[in-house]
Amino acid sequence: MIKEQLETIAQVAAQAFADVRESSELEALRVRFLGKKGELTAILKQMGKLSAEERPVIGALANEVRASIEDKIAAAAAALRERQMQEQIAQETLDVTMPGKRRPIGTQHPLSLVLDEIQDIFIGMGFSVAEGPEVELDYYNFEALNIPKNHPARDTQDTFYITENVLLRSQTSPVQIRVMEKQKPPIRIIAPGRVYRSDAIDATHSPLFHQIEGLVVDKGITMADLKGTLVTFAKTLYGQDAVLRFRPHHFQFTEPSCEMDTMCFACHGEGCRLCKGEGWIELLGAGMVHPKVLQNGGVDPEEYSGFAFGMGLERLVMRRYGIDDMRLFYENDLRFLNQF
Ligand code: 2U9
């Protein structure tokens, strides 16, 4: 009777271990046959009822069945491990012939591209880059620049006022005033950055745009230094064959003042759509720093002189790449940005 039970268990076990798919399944089978309440364990508990001559025979058979079940457990465990490893290898197999997943990499924004180029040119001429607050005091943005309260020049650039005396800077010139206050001449800096004017946004106007201004203050600085520096800048940016001219102009914070134009690269002065028929394209404004402005910066105009300049970055970049709508710079349309 026990003998048949043992043989049955051996067959059932052989069947059961044939297609073990999961280690949890294997553990369940081990418990089912060899566990405390296992089927083989249950039979072994009946050994006590056997006769003295039967016990060794059944005992040997029982050990055989146990050993065969343990072998099957070990074999099934090894098979499970092997299969899991194969699955893992299959999963991790890297088919090096597969084309790589091209990670979309960012590009430099066109404004940053040209700003870096312009900064490198001036750094190459010994300038350093100065920065300052975009939320500025009315004093630094206007009064220190010889634009007193209720001066008409204030209206030309309608300003974002936060309070009576706090505003969003409408040009980066306040940075230069702050530098003059802190640093004695010689001073040779450029001040790039965001500026704000409450213009309605359209293809050529934006309430936020970027400027690069510059300032040189030292003993004996003349208009010749201004022209030499700005011609060198323009010819480095646009090529040695760029044709440039200076036109008299007026700014509150420089005297004398001028604007510098380059001959239109498209029509070579004939006049076309790009230069609005002028034949010339305005690049920047400049001038000798007004003595009052030097004083406001704590610099003695009797001992020192200086020149300053300013340019709008967006306009330069639009001309460089033939972009006719400055809103493209701010709308983050990847179809536009990925071209750079
Ligand atoms: C100090 C003294 C003088 C900065 C200057 C310009 C001329 C100029 C325009 C360029 C295009 C503004 O964005 S724009 O419309 N700026 O033409 N800016 S001179 O003069 C200074 C600045 C600081 C202490």
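Atoms within a ligand are numbered from 1 in the order they appear, just like the ligands themselves. Numbering starts at 1 and runs along the sequence shown. Remember, it's a predicted structure, so these values are computed and weren't measured experimentally.
- Both Leu274 and Val317 sit in one connected hydrophobic cluster of ILVMFWY residues. Membership requires side-chain heavy atoms under 4.5 Å apart, directly or through other members.
- Residue Gln176 has at least one heavy-atom neighbour below 4.0 Å for each of these atoms of ligand 1: 22 (C), 23 (C), 24 (C).
- Taking atom 4 (C) of ligand 1 as the reference point, the nearest protein heavy-atom neighbour is Glu213 OE1, 3.4 Å.
- A heavy-atom separation below 4.0 Å is found between Met180 and ligand 1.
- Near Ile177, the atoms of ligand 1 lying under 4.0 angstrom from a non-hydrogen atom of the residue are 24 (C).
- Under 4.0 Å is where a charged nitrogen must lie from a carboxylate oxygen, and between Lys149 and Asp138 at least one such pair does.
- Of all the listed residues (Tyr140, Phe253, Phe251, Phe307), Phe253 holds the heavy atom that lies closest to atom 5 (C) of ligand 1.
- Between the side chains of Asp71 and Ser68, no donor-acceptor pair of N or O atoms lies under 3.5 Å.
- The part of Ala286 lying near ligand 1 is the backbone, judged by heavy-atom distances below 4.0 Å.
- Annotation: atom 15 (O) of ligand 1 to nearest protein heavy atom, Arg315 NH2, 3.6 Å.
- Under the 6.0 Å distance and 45° angle rule, Arg178 counts as a cation-pi partner of Tyr140.
- With respect to atom 3 (C) of ligand 1, the closest heavy atom belonging to the protein is Ala308 CB, 3.3 Å.
- For the residue pair Asp199 / Ser206, no side-chain donor-acceptor distance below 3.5 Å is found, with atom types taken as modelled.
- Note: Phe251 and His249 have tilted aromatic rings, judged against thresholds of 30 and 60 degrees for the angle between ring planes.
- Using a 4.0 Å cut-off to heavy atoms of Met311, the atoms of ligand 1 that qualify are 10 (C), 11 (C).
- At the shortest separation from atom 12 (C) of ligand 1 among protein heavy atoms lies Gln211 NE2, 3.1 Å.
- Of the protein's heavy atoms, Leu145 CD2, 3.8 Å lies nearest to atom 1 (C) of ligand 1.
- Between Gln171 and ligand 1 there is no heavy-atom distance shorter than 4.0 Å.
- Between Tyr330 and His210, the ring planes lie parallel to each other; the angle is under 30°, not in the 30° to 60° tilted range.
- For atom 9 (C) of ligand 1, the nearest non-hydrogen atom from the set Pro174, Gly310, Gly214 belongs to Gly310.
- Applying the 6.0 Å contact sphere to NZ of Lys292 captures no more than 12 heavy atoms from other residues, nucleotides or ligands.
- Ring orientation note: the planes of Phe122 and Phe309 are close to parallel, at an angle under 30° on the 30°/60° scale.
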